S.K.: 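First the structure, which I've put down as structure tokens, then a few questions once you've had a look.
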There are 2 protein chains.
Amino acid sequence: MARWEPNARERLERAALDLFVERGYESTTAAEIAERAGLAKSTFFRHFADKREVLFGSQDRLNGVFAEAITGAPGTAAPIEALGAALEAVATFFGRERHAWAHRRRAVVESSADLRERELLKLAALTAAMAGALRGRGVPDPAASLAAELGCLAFRNAYARWAEPANEREFADLARQELADLAAATATLTTGA
Amino acid sequence: MARWEPNARERLERAALDLFVERGYESTTAAEIAERAGLAKSTFFRHFADKREVLFGSQDRLNGVFAEAITGAPGTAAPIEALGAALEAVATFFGRERHAWAHRRRAVVESSADLRERELLKLAALTAAMAGALRGRGVPDPAASLAAELGCLAFRNAYARWAEPANEREFADLARQELADLAAATATLTTGA
DNA sequence: TACGTGATGAGACTTGGTCCCATCAGTGCT
DNA sequence: AGCACTGATGGGACCAAGTCTCATCACGTA
């Protein structure tokens, strides 16, 4: 609804990332974030359930996109193909204009055990969403969970590579490759070394 | 080295689980746990990095066992076979005498978002340990990570089924079955539905 | 007996997070 | 204009997690 200075939530997210980069996550106080955003500490916690969440707003939005893309894939598509379609669909989230932001954010997340832990929770939610969508397509359960795990791994790897500062390639490109590599690797799992 | 009343750590773990079952995780204070164990709050945090950790002491000990079993598997064993050996090795942790405890603990973990989040961290550490051990066997990296993910999934599923109150089957048995089911499911991932 | 060591107790302190209540901006209605 | 209503905010009290420091106590040893 946006009154007063609008976009309180976005201002908080920006202030938080800036402060985390400057001073580190642990040495930054929720009150300081709010202050830099021109808000009060109580307002911070009205917008975010806890201090960690301020870095994960976008991650939440991914789940729905993933699930819908999986559900909307052609009925004849194999699980892996549906995952591929979902990775394509989600690539719109990772345009070049967000690359610098993504890299800064990623560096912060890597720097704190609390934040890495929260990221695992988000990825688990993503995996669950993908598994649910696959089951909705009629994929039975050990396969659906396994495929979701594989899709999540492909996403994680592709995102990590995309967010690297020196990276020039597009997300869809990287994701396709990661998924293909993983699919190929499944064949080697039952082969003696 | 255990002076005064010995086994402070174990007393804290027991007191914590009992209180969590009685009053719930969130409504139990670290000071209350310490008090029931006959200790002070500061002593609690000397033994455990935070309130969540008091439930995860045993989980930490698993990683080493898993990694060693993978490393020690016959050199000709395929990744899946090495994982199977590791699941067998770890079965000694899950004797019938720990079944009631495991079930109580599991119910508490499921009841709290904080605890589920911490469990994901522990499982991620387990996955990383398994992947590292597989790489040490010469398994190249997309396959090693994927196999570790698969092994972790098998472990999670097997543990969940083993810890159910009505369960009578042995962990090794359940784990073997989960792993076999997952291995079979890999074949279906590239097949249209 | 005196000393050193390691585990503990006690309590101050910071911060994350909750809650309540007053306040203020904008909307719509009269 | 004047009014009530709604929703976002500010402020501050409050609780619990977690850190830190210092004194203390039990035990082994010289």
Side-chain angles (χ1 to χ4, degrees), chain A residues 1-20 22-57 60 108-109 111-119 121-122, chain B residues 1-20 22-57 60 108-109 111-119 121-122:
Chain A
M1 294 287 174
R3 314 180 184 185
W4 291 270
E5 290 297 323
N7 308 323
R9 190 183 174 90
E10 285 73 15
R11 265 156 51 216
L12 285 166
E13 286 173 346
R14 249 186 289 275
L17 182 54
D18 288 348
L19 282 167
F20 293 162
E22 289 175 24
R23 311 184 196 171
Y25 172 76
E26 336 245 53
S27 331
T28 302
T29 272
E32 292 172 336
I33 300 170
E35 189 189 6
R36 176 167 301 199
L39 296 166
K41 173 188 155 191
S42 46
T43 305
F44 178 93
F45 287 108
R46 205 171 281 123
H47 285 279
F48 301 100
D50 58 45
K51 187 181 160 191
R52 287 154 234 127
E53 282 297 306
V54 75
L55 284 176
F56 291 93
D60 285 335
V108 172
V109 171
S111 77
S112 151
D114 280 2
L115 291 172
R116 283 197 302 269
E117 190 175 15
R118 178 56 51 86
E119 185 161 64
L121 184 65
K122 299 299 184 183
Chain B
M1 291 292 176
R3 316 180 184 184
W4 292 271
E5 291 298 322
N7 309 323
R9 190 182 175 92
E10 285 72 17
R11 264 155 53 214
L12 285 166
E13 286 173 346
R14 249 187 290 274
L17 183 54
D18 288 348
L19 282 167
F20 293 161
E22 288 174 25
R23 312 185 194 170
Y25 172 76
E26 336 246 48
S27 331
T28 303
T29 269
E32 292 171 337
I33 300 170
E35 189 190 5
R36 175 166 302 199
L39 296 166
K41 173 187 153 193
S42 46
T43 304
F44 178 93
F45 287 108
R46 204 171 282 122
H47 284 279
F48 302 100
D50 59 44
K51 187 180 158 188
R52 287 152 235 130
E53 283 296 308
V54 74
L55 284 177
F56 292 91
D60 285 335
V108 171
V109 172
S111 76
S112 151
D114 280 2
L115 291 173
R116 283 197 302 268
E117 192 175 14
R118 178 55 51 86
E119 184 161 65
L121 184 66
K122 299 300 184 183

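Predicted, not measured: the structure shown is a model, and the values here were computed from it. Note: hydrogens, waters and symmetry copies are ignored here, and every other heavy atom, side chains too, is used.
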S.K.: Closest approach to the side chain of A:Asp50, judged atom by atom: which nucleotide of D:dT9, C:dG17, C:dG9 is it?
M.R.: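 So the side chain of A:Asp50 is nearest to C:dG17.
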S.K.: State which of D:dG18, C:dT8, D:dT9 makes the closest approach to the side chain of B:Arg52.
M.R.: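 Of the options given, the side chain of B:Arg52 lies nearest D:dG18.
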S.K.: Counting distance only, does the side-chain N/O of A:Arg36 pair as donor-acceptor with the main-chain N or O of A:Ala15 below 3.5 Å?
M.R.: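 No, because the side chain of A:Arg36 does not come within donor-acceptor range (under 3.5 Å) of the backbone of A:Ala15.
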S.K.: Find the distance B:Phe20:CZ to D:dA16:P and express it as a whole number of Å.
M.R.: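 Those two atoms, CZ and P, are 14 Å apart.
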S.K.: With a 4.0 Å cut-off on heavy atoms, is A:Ser27 in touch with a base, just the backbone sugar-phosphate, or nothing at all?
M.R.: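 Result for A:Ser27 = nothing.
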S.K.: Report the nucleotide, chosen from D:dC20, D:dG11, C:dG16, that has the shortest atom-to-atom distance to any side-chain atom of A:Lys41.
M.R.: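 Of D:dC20, D:dG11, C:dG16, C:dG16 is nearest to the side chain of A:Lys41.
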S.K.: Take A:Glu117 and A:Arg52 through the salt bridge (charged side-chain N to carboxylate O under 4.0 Å, His left out) test and state the conclusion after the steps.
M.R.: CA-CA 10 Å; A:Glu117 190 175 15; A:Arg52 287 154 234 127; over 6 Å; no
S.K.: Find the distance B:Glu32:CD to D:dA17:C1' and express it as a whole number of Å.
M.R.: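 To the nearest whole Å, that distance equals 13 Å.
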S.K.: What nucleotide among D:dT19, D:dT9, C:dG9 has an atom nearest to a side-chain atom of B:Leu39?
M.R.: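 Selected nucleotide: C:dG9.
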S.K.: In this structure, how many angstroms lie between the P atom of C:dT8 and the CZ atom of B:Arg9, rounded?
M.R.: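 Taking atom P of C:dT8 as the reference, CZ of B:Arg9 is at 11 Å.
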S.K.: How many whole angstroms separate atom CZ of B:Arg23 from atom C1' of D:dA16?
M.R.: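 Distance, rounded to whole Å: 14 Å.
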S.K.: Expressed as a whole number of angstroms, how long is the span from A:Phe45:CZ to C:dC20:P?
M.R.: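 About 17 Å, once rounded to whole Å.
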S.K.: Please check this pair: side chain of B:Ser112 against backbone of B:Asp114, looking for a donor-acceptor N/O pair closer than 3.5 Å.
M.R.: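 Yes; judged by distance alone, with no hydrogens or angles, the pair exists.
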S.K.: Does the base of D:dG10 carry an N or O that pairs as donor and acceptor with the side chain of A:Arg46 under 3.5 Å?
M.R.: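 By the distance-only test, yes, there is a pair.
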S.K.: With respect to the phosphate group of C:dG9, does any side-chain polar atom (N or O) of B:Ser42 fall under 4.0 Å of OP1 or OP2?
M.R.: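 The answer is no; no side-chain N or O of B:Ser42 sits under 4.0 Å from OP1 or OP2.
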S.K.: Taking only the side-chain nitrogens and oxygens of A:His47, find out if one of them lies under 4.0 Å from OP1 or OP2 of D:dT9.
M.R.: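 Answer is yes, contact under 4.0 Å.
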S.K.: Quick one: which of D:dA17, C:dG16, C:dT8 gets closest to the side chain of A:Lys51?
M.R.: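 Nearest to the side chain of A:Lys51 among the choices is C:dG16.
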S.K.: What is the distance, to the nearest angstrom, from the CZ atom on A:Phe44 to the P atom on D:dG11?
M.R.: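 Result: 17 Å.
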S.K.: Answer yes or no: is there an ion pair linking B:Lys51 with B:Glu26, defined by an N-O contact shorter than 4.0 Å?
M.R.: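 Salt bridge: no.
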S.K.: Taking any heavy-atom pair under 4.0 Å as a contact, classify B:Ala49: base, sugar-phosphate, or nothing.
M.R.: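 Contact class for B:Ala49: sugar-phosphate only.
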S.K.: Would the distance check show the side chain of A:Thr43 and the main-chain N or O of A:Leu39 forming a donor-acceptor pair, the cut-off being under 3.5 Å?
M.R.: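 Between the backbone of A:Leu39 and the side chain of A:Thr43 there is no qualifying donor-acceptor contact (under 3.5 Å).
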S.K.: How close or far is atom P of C:dG16 from atom CD of A:Glu35, stated in whole angstroms?
M.R.: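 Checked: the CD to P distance equals 13 Å.
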S.K.: Using atom CZ of B:Phe48 as one end and atom P of D:dT19 as the other, report the distance to the nearest whole Å.
M.R.: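 In whole Å, D:dT19 P lies 14 Å from B:Phe48 CZ.
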